[in-house]
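Labels below follow one simple rule: chain letters A, B, ... track the order of the sequence lines, proteins then strands, and each chain is numbered from 1.
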Amino acid sequence: MRIACPHCGERSLDEFLYSGDATVRRPDFASPTAMDEFIAYTFERTNPAGPHRELWYHAAGCHAWLVVTRNVATHAISSVEPARDVALAGKPETKDGA
Amino acid sequence: MDWHPPATLDLAVSARETLTMASFAAIRGKEEALREAIRAGYGAELPYHAARVAGVGITFVWAGPNQWLAVAERENGRDLEAELKEQLAGIASVVDQSDGRVVVRISGPRARDVLAKGVPIDLHPRAFKPGDVAITHASHIGIILWQTDDAPTYEAALFRSYADSFAHWLFESAAEYASTR
Ligand SMILES: [Zn+2]
C-alpha cells in the first residue's frame, strides 16, 4: 500500500504509522457523563466494511499527521488530508466515513 | 568520521564537517513575516514544497510543513543558530543542528544506483533532480536527502550517531560497483 502524503508525494507504507480512528473526538473531561463518553471514545468502534477515516502519521517523512480515507475492504485510498487542516476546518467527522 | 571506504570504490563519499546548521519553524501567525525576513536577510524565497533554495551565503532545505533546515559554511566562526535567533526573533523557533546532524555527500556516476538500494523513493531524474528534497530513510536511517548536481551528487542530512551505520550500509551497497584496478 502507498499513501500520497500531501507534503511529500506518494510513499510506501513503511514510512507511516497507523494512529487510530479519525472519526472519534476526545470527550470533555468536565462532562457529567465523561466516564461513559470516554469508554465509548476508547473502546467502541463501528468496524465498517468500506470507506473509513483513519489517522496516519508520516513518521519517516515529514512528520505530519494525516487523515486518510481508505476503503478497508479494498485498501483503495480516496483522500489524504493534513489532519491539521481537517481540525482547523472543524469538519464534523462522521461514522460512515463521508 | 572515521570511515574506511574500500580503496577501489568508484564513489566519492565525504562528511561535510565545515557546516553550521539550524532548523527553524514559523511561530503561529508569523508565516508571512518569516518569508519576508528571509527575503530581506538572505534574498531567498522559502520553499513551501520539498525543495532546496540558495540565498546569499546560505541554503534553505524544506524540512516538513512550515519547517526548514538552514545550512551554511562555518567560516569566520559563523553560527547559524545565533544568527537566525537574532534575524528571526519573535517570528520563528530556531534550533541548532550543527552537532546533532551530519551532512554526507555522495557523488559519482553510480551514486544513484547505490542510494537506490536503500532509499525507497524514485531517484530517476524524471522524479528527483537538483533542487529537489525528500525526507525519507536510507536503510531504515532517517535522512533529509537532496541532489546538488547531475554527476549525480547527493547530500543526506542524518543524525550524527547514525553516521557509521549509514556509511557501513553505503560502502556495502557500493561494493559491487568497485573497480578492479
Ligand atoms: Zn509527508
- Message: Is A64(A) close to chain B through its backbone or its side chain, or both, or neither, when contacts mean heavy atoms under 4.5 Å?
- Response: side chain

- Query: Can you get from L158(B) to L170(B) by hopping between Ile, Leu, Val, Met, Phe, Trp and Tyr side chains that sit under 4.5 Å apart?
  - Reply: yes

- Kindly work out whether a path of hydrophobic side-chain contacts (I/L/V/M/F/W/Y, heavy atoms less than 4.5 Å apart) joins L115(B) to V104(B). yes

- Under 6.0 Å from the CE atom of M35(A), do we count more than 12 heavy atoms belonging to anything else shown? no

- Query: Of the listed residues (C8(A), P82(A), C62(A)), which shares the most heavy-atom pairs with chain B below a 4.5 Å separation?
  - Reply: C62(A)

- Item | Same apolar cluster: V61(B) and I121(B), side chain cutoff 4.5 Å | no

Can you pull out all donor-acceptor pairs below 3.5 Å that join chain A and chain B?
unit_1 : atom_1 : unit_2  : atom_2 : d
R11(A) : NH1    : I135(B) : O      : 2.7
E15(A) : OE2    : T136(B) : OG1    : 2.6

- Query: Can you tell which of P120(B), A63(B), G64(B), P65(B) has the highest number of heavy-atom pairs within less than 4.5 Å of chain A?
  - Reply: P65(B)

- Give a yes or no on whether F128(B) and L11(B) share a hydrophobic cluster (residues Ile, Leu, Val, Met, Phe, Trp, Tyr; joining criterion: side-chain heavy atoms under 4.5 Å apart). yes

- Task: Treating Ile, Leu, Val, Met, Phe, Trp and Tyr as nodes and any side-chain heavy-atom pair under 4.5 angstrom as an edge, say whether I143(B) and V114(B) lie in one connected cluster.
- Result: yes

